[in-house]
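Take a look at the structure below.
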There are 2 protein chains.
Amino acid sequence: MRIAVLGVGTVGRAVLELLAETDHTAVAVADSDSAAVDEADAGLDLDRVLSQKEYRDRVGDREPAEVLDAEYDVLIEATPTTLGDAQPGFSHVERALARDRHVVLANKGPVAQRYGDLRALEAESEGRVLFEATVGGTIPVLSTIQDFDGQITTVRGVLNGTTNFILSRMATEGLGYEHILAEAQDLGVAEADPSFDVQGTDTALKCVILANRLHEATTTLEDAEVEGIIDLPGEALDLARRGGQTVRLVGEVTADGAVSVGPRLVSEHGTLAVSGTANVVELQTERAGPLTLGGRGGGPETASAVLADLERIRRETR
Amino acid sequence: MRIAVLGVGTVGRAVLELLAETDHTAVAVADSDSAAVDEADAGLDLDRVLSQKEYRDRVGDREPAEVLDAEYDVLIEATPTTLGDAQPGFSHVERALARDRHVVLANKGPVAQRYGDLRALEAESEGRVLFEATVGGTIPVLSTIQDFDGQITTVRGVLNGTTNFILSRMATEGLGYEHILAEAQDLGVAEADPSFDVQGTDTALKCVILANRLHEATTTLEDAEVEGIIDLPGEALDLARRGGQTVRLVGEVTADGAVSVGPRLVSEHGTLAVSGTANVVELQTERAGPLTLGGRGGGPETASAVLADLERIRRETR
């Protein structure tokens with residue numbers, strides 16, 4: 001299929017690397033202030049685009065907006081997640097659907113904050129919107145929810161690598177939050193401004209998306225009950241450990257669609273006690289017990305979920 | 001969709017129970033020597049079919065073969081797995097495909113023993129063959145392999161509940177194989193003739209199916225290297241435990257498609273150390289780390305995988 005990519009951050013870059021190895025054709029790529037558009041109808045040379053990005057910090061010499069008018073079949077929207085009205089991501093999706101093109105989202109904003117609007121636009125379009133990459137890195141959680149149509153009742157998961165790292169280190173080193181955060185920032189595991197992760201916003205957005213998909217609801221971040229890990233005392237982890245437990249930032253979607261996120265005690269050897277960049281999701285089914293899906297978060301992993309969505313679109317629109 | 005069901009064993013029965021709660025219409029059901037066929041075009045009353053099965057040990061007063069001629073969209077083949085030429089399951093699939101109908105298999109025979117023949121028939125037909133229920137109960141392992149088109153390199157898993165139960169009990173009770181087997185038979189966890197499970201055949205068939213799907217190969221049981229648990233001394237489990245490990249019957253598919261099954265040491269708190277009816281599969285991806293999928297085996301769980309296949313067919317042939 002002919003692919004356009006918006007956004008060349010960690011995920012976008014990994015998507016381009018993976019795309020280069022498939023039989024898809026990249027026809028347009030944009031970062032925040034430049035674009036490369038295929039004019040020879042031969043497909044873009046993605047190695048060239050990636051090296052331009054690396055050495056000139058631009059992907060080409062065209063305007064980003066030109067990508068939206070390119071002749072693509074699927075738009076991959078991998079610009080940064082924004083809250084509120086989820087712009088400009090939402091309008092990118094809107095323009096693609098208005099042209100009856102498919103969209104694969106890595107940007108969480110449109111599905112977390114404007115799910116109802118998105119589904120309404122999709123219903124009017126020949127194009128479809130998939131968004132497996134918005135939750136849980138490589139884990140195929142949304143497609144599993146879809147396949148188990150109506151059979152899944154609740155979801156619980158550990159979905160944020162930065163908080164995982166901090167909580168694991170706090171437990172093993174017996175050090176407080178501030179100290180470990182500084183270490184995580186030095187290692188590049190935590191961002192300079194880590195609030196999106198450590199205040200639970202990232203996990204909450206993912207759970208809102210799960211709730212929306214599970215119940216075809218229009219939950220937003222504002223409906224979620226969210227507590228981060230910044231006030232968690234080191235002693236809590238000591239105490240947990242002596243009881244054979246540990247603490248993780250757990251997100252939950254209940255059977256009635258309520259979303260909550262907060263530090264929770266989990267069994268030390270249990271399913272949810274993952275560490276590092278590992279993500280895990282537990283789906284409860286009505287009749288078939290729990291399903292546990294684990295995999296890594298991170299750029300290449302999230303990009304692999306984008307590619308899996310392309311595969312689904314190819315198969316389902318054949 | 002209009003559904004025909006062949007086979008009313010543990011899985012077939014659970015399928016009928018689940019179907020009753022969906023918007024699918026059951027038009028024909030057969031066990032080994034009777035059938036119920038919908039004549040009023042109103043759909044079968046599945047509660048009635050199930051109670052006939054329970055009290056009369058027949059599902060109706062028609063001949064099983066009549067089901068194959070019924071006006072269905074999807075045939076669910078849930079007759080017992082047979083080896084060799086996989087008959088009569090294979091001919092059921094053949095007849096459905098010849099009529100351009102879809103098939104959902106719970107019977108492992110046709111996909112483990114005659115994968116090439118099956119795909120050749122499917123290529124000539126408008127009908128599709130799905131078989132998620134043949135491996136790992138409720139776990140969506142085959143659809144994940146499909147979505148990650150070519151990105152999965154190897155698979156390892158614990159896929160047989162009976163051997164899981166026996167190995168867990170041997171480890172905790174410190175008793176030998178024969179003793180625990182007798183207990184498992186008393187509890188109904190192991191069959192009177194448990195050889196299919198304890199000799200590794202069941203796990204091997206599942207791995208052969210994974211290998212075939214992964215590589216579009218035509219591996220059969222005869223190509224697999226299979227060792228069961230019957231010669232495993234109780235002392236091996238003691239020894240494992242003292243090293244923080246335990247033993248599970250692990251099936252593997254390597255990157256070159258080779259299949260092996262045998263008792264393996266696994267870390268006591270690791271992913272593969274599942275117990276009871278839990279199944280687990282580890283998929284290695286080329287670029288996105290490992291994916292771990294866990295869920296239960298058993299009748300209702302396997303039936304839920306059949307229903308998920310129906311959902312996929314509905315979506316992909318819309």
Side-chain angles (χ1 to χ4, degrees), chain A residues 14 17-18 21-23 132 136-141 143-152 267-271 273-274 276-283 285-305 307-312 314-318, chain B residues 14 17-18 21-23 132 136-141 143-152 267-271 273-274 276-283 285-305 307-312 314-318:
Chain A
E17 285 168 6
L18 282 181
E21 295 178 20
T22 67
D23 58 353
E132 187 64 85
T138 189
I139 303 173
V141 56
S143 68
T144 299
I145 290 174
Q146 183 178 32
D147 288 343
F148 278 77
D149 181 49
Q151 292 187 64
I152 309 280
S267 167
E268 202 180 353
H269 299 298
T271 315
V274 290
T277 57
N279 283 203
V280 64
V281 182
E282 282 184 344
L283 306 171
T285 69
E286 217 161 323
R287 299 273 197 112
L291 263 172
T292 308
L293 312 177
R296 286 194 198 141
E301 292 79 5
T302 304
S304 80
L307 272 278
D309 270 350
L310 291 183
E311 208 43 48
R312 288 180 197 107
R314 171 142 66 179
R315 201 164 65 233
E316 294 174 22
T317 61
R318 201 173 271 162
Chain B
E17 285 167 7
L18 282 181
E21 295 177 20
T22 67
D23 57 354
E132 187 65 84
T138 187
I139 302 174
V141 56
S143 68
T144 299
I145 289 173
Q146 183 176 33
D147 288 342
F148 278 76
D149 181 50
Q151 292 188 63
I152 309 280
S267 166
E268 202 179 354
H269 299 298
T271 315
V274 290
T277 56
N279 283 203
V280 65
V281 183
E282 282 184 344
L283 307 172
T285 70
E286 217 160 322
R287 299 274 198 112
L291 263 173
T292 308
L293 312 177
R296 287 196 198 137
E301 293 79 5
T302 303
S304 79
L307 272 278
D309 271 349
L310 291 183
E311 207 44 49
R312 288 181 197 107
R314 171 142 64 180
R315 202 163 63 233
E316 293 173 22
T317 60
R318 202 173 272 162

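Since the structure is predicted, the reported quantities are computational estimates derived from the model, not experimental observations. Each chain gets a letter, A, B and so on, in the order the sequences are listed, and its residues count up from 1.
Applying the side chain to side chain contact (heavy atoms under 4.5 Å, CB included) test to S267(A) and every residue at least two apart in sequence or in another chain returns nothing.
Only the side chain of S143(B) has a heavy atom closer than 4.5 Å to any heavy atom of chain A. Using a 4.5 Å cut-off between heavy atoms, T138(B) contacts chain A through both its backbone and its side chain.
The most heavy-atom pairs under 4.5 Å with chain B, out of G294(A), A308(A), G299(A), come from G294(A). Among H269(B), E316(B), E282(B), E311(B), the residue making the largest number of heavy-atom pairs under 4.5 Å with chain A is H269(B). Between chain A and the options R312(B), Q151(B), E132(B), R314(B), heavy-atom pairs under 4.5 Å are most frequent for R312(B). With respect to chain A, the highest number of heavy-atom pairs below 4.5 Å among P290(B), G295(B), A288(B) belongs to A288(B).
Among residues at least two apart or in separate chains, side chain to side chain donor-acceptor pair (under 3.5 Å) pairs with a member in residues 285-294 of chain B are E21(A)-R287(B).
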Does the pair D149(A) and R315(B) meet the rule for a salt bridge (Lys or Arg N to Asp or Glu O under 4.0 Å), with working shown?
CA-CA 11 Å; D149(A) 181 49; R315(B) 202 163 63 233; over 6 Å; no

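L291(A) has its side chain within reach of F148(A): a pair of non-hydrogen atoms, C-beta onward, lies under 4.5 Å apart.
Minimum interatomic distance between P140(B) and T144(A) (heavy atoms only, all atoms of both residues): CG-OG1, 3.7 Å.
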